[in-house]
Amino acid sequence: MRAWLAGVVASVLMVPLTAHPASAAPDARTCAKANLLFCEDFQAMPVGGASSLRWGIDTKHGTLTVERDGRRGQKVLRVHTEGNGRAFLKVDDFAAPGNSFYGRVRLRAAAFPTAPDWAHYTLVEATGDGPEVVRPLGGQYAPPPHGGAAYWGVGADGGPTGDWTNWRTTAPSVAGTWTCVEWRMDAADNRISLWFDGVAKPELTVSTREHGGNPVDFVFPRFDTIKLGWQLYQANPAPAGYDVWMDDIALSTRRVGC
């Protein structure tokens with residue numbers, strides 16, 4: 001793992017934002033809007049085990065359930081895993097014009113890993129025809145002297161760039177609070193950009209030549225599957241189990257906004 005490399009890269013990647021500003025975005029009733037590539041707000045689903053004819057499930061030592069969020073009163077997806085298990089909602093047969101798209105999800109995690117050192121996790125994964133397993137939203141626990149905390153980062157595995165997570169201490173993974181996360185996949189430069197609660201985080205951006213992996217080009221696969229949920233890769237983590245709640249999932253050719 002190239003965790004140490006991701007932690008010490010000093011350059012901050014500045015990307016011009018050409019997307020529509022969050023203030024001009026649609027309201028929270030995302031799935032009532034047209035021209036989305038995929039949308040799920042869970043409001044039409046019964047409480048209990050999560051299943052749909054529109055998406056699949058990928059789990060190991062994990063479960064997906066639909067439940068009501070006590071504070072907001074809305075139905076949400078609860079993702080639960082034990083140890084280094086996984087549980088994902090899986091969008092199959094996905095296709096985006098030009099292999100480029102935007103994503104949006106609201107999420108709340110009960111906790112992030114505090115052990116072992118360099119434990120890393122994925123919440124959004126995109127795969128397809130090509131070797132890179134792309135992770136536009138994930139993170140990593142960086143032990144002291146790197147802060148002793150968990151941080152958001154873009155990552156990848158399985159391709160020429162190797163196994164990496166481009167985390168930054170300026171983007172802590174904060175548990176216990178709802179966060180709206182947006183990402184952009186731009187195939188023109190294999191660029192991934194992130195926003196948190198409508199605020200851009202350019203230091204997390206990766207592209208063809210600027211990323212946290214081996215010194216070779218980072219190249220998108222031809223995307224056909226998008227997964228949202230949770231996976232932790234190290235055995236015997238602390239805490240031993242993880243819960244993440246997700247809502248208002250949207251994939252689009254335009255920025256959806258928060």
Side-chain angles (χ1 to χ4, degrees), residues 1-15 61-62 71 78-88 103-125 133-157 161-183 192-206 210-213 228-247 258:
M1 182 186 302
R2 301 180 62 84
W4 63 91
L5 177 61
V8 299
V9 174
S11 60
V12 174
L13 307 175
M14 302 303 294
V15 181
H61 304 303
R71 181 176 62 86
R78 180 181 180 181
V79 181
H80 176 77
T81 64
E82 295 289 335
N84 60 342
R86 68 177 185 269
F88 286 106
R104 196 280 303 278
V105 62
R106 304 182 199 276
L107 62 89
R108 175 171 65 91
F112 291 95
T114 57
D117 291 355
W118 308 115
H120 68 111
Y121 44 92
T122 295
L123 288 90
V124 180
E125 183 173 278
V133 176
V134 181
R135 294 161 179 161
L137 182 63
Q140 192 156 27
Y141 170 72
H146 305 284
Y151 303 104
W152 293 119
V154 176
D157 197 3
T161 58
D163 180 7
W164 53 274
T165 304
N166 194 55
W167 57 268
R168 292 289 184 270
T169 58
T170 54
S173 296
V174 179
T177 185
W178 281 97
T179 302
C180 176
V181 183
E182 302 171 83
W183 69 96
I192 304 174
S193 307
L194 284 167
W195 297 259
F196 290 81
D197 293 325
V199 178
K201 297 295 287 183
E203 67 269 32
L204 297 179
T205 300
V206 304
E210 301 287 346
H211 52 79
L228 298 98
W230 175 270
Q231 182 169 6
L232 183 70
Y233 302 94
Q234 285 70 35
N236 302 313
Y242 295 88
D243 287 285
V244 179
W245 291 264
M246 291 185 165
D247 197 8
C258 291

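Below, all heavy atoms of this structure are taken into account, side chains as well, without hydrogens, waters or symmetry copies. Bear in mind the structure is a predicted one, so any value in this text is a computation, not a measurement.
Between Phe88 and Gln231, the closest side-chain pair of non-hydrogen atoms falls below 4.5 Å. In this structure the side chain of Trp178 never reaches within 4.5 angstrom of the side chain of Asp197, judged on heavy atoms. Side-chain atoms of Val181 and Leu107, non-hydrogen and from C-beta on, do get closer than 4.5 Å to each other. By the 4.5 Å heavy-atom criterion applied to side chains, Gln234 and Asn84 are not counted as neighbours. Proximity of Val154 to His211: side-chain heavy atoms (C-beta onward) are nowhere separated by under 4.5 Å. In this structure, the side chains of Val244 and Leu123 come closer than 4.5 Å at one or more pairs of heavy atoms. Between Thr165 and Tyr121 there is no side-chain heavy-atom pair separated by less than 4.5 Å. Side-chain contact between Val134 and Ile192 is present, with at least one heavy-atom pair separated by less than 4.5 Å.
Within the 6.0 Å centre-distance limit, the rings of Trp118 and His146 are counted as a close aromatic pair.
Here Cys180 contributes atom SG and Arg104 contributes atom CZ; the two are 5.0 Å apart, rounded to the nearest 0.5 Å. For the atom pair NE2 (His120) and CH2 (Trp167), the distance works out to 13.5 Å, reported to the nearest 0.5 Å. Between His61 atom NE2 and Arg86 atom CZ the span is 9.0 Å, to the nearest 0.5 Å.
Taking the side chain to side chain contact (heavy atoms under 4.5 Å, CB included) definition, one finds that Glu125 meets it with Thr122, Thr127, Val133, Arg135, Lys227, Tyr233, sequence neighbours left out. Remark: Asp243 pairs with Arg78 by the salt bridge (charged side-chain N to carboxylate O under 4.0 Å, His left out) rule, at least two apart or across chains. By the side-chain hydrogen bond (donor to acceptor under 3.5 Å, both in side chains) test, Arg108 pairs with no residue at all, sequence neighbours left out. By the side-chain hydrogen bond (donor to acceptor under 3.5 Å, both in side chains) test, Thr179 pairs with no residue at all, sequence neighbours left out. By the side chain to side chain contact (heavy atoms under 4.5 Å, CB included) test, Thr81 is found to be paired with Ala87, Trp230, Tyr242, residues two or more places apart in sequence or in another chain being considered. Looking at residues two or more places apart in sequence or on another chain, you find no ring pair (Phe, Tyr, Trp, His ring centres under 6.0 Å) involving Tyr141.
At a cut-off of 3.5 Å, with distance as the only test, no side-chain donor of Tyr151 or Thr170 sits close to an acceptor on the other residue.
Of all non-hydrogen atoms in Leu232 and Ala119, the two that sit nearest each other are CD1-CB, 4.3 Å. Pairing each heavy atom of Pro116 with each of Asn236, the nearest pair is CD-O, 4.4 Å.
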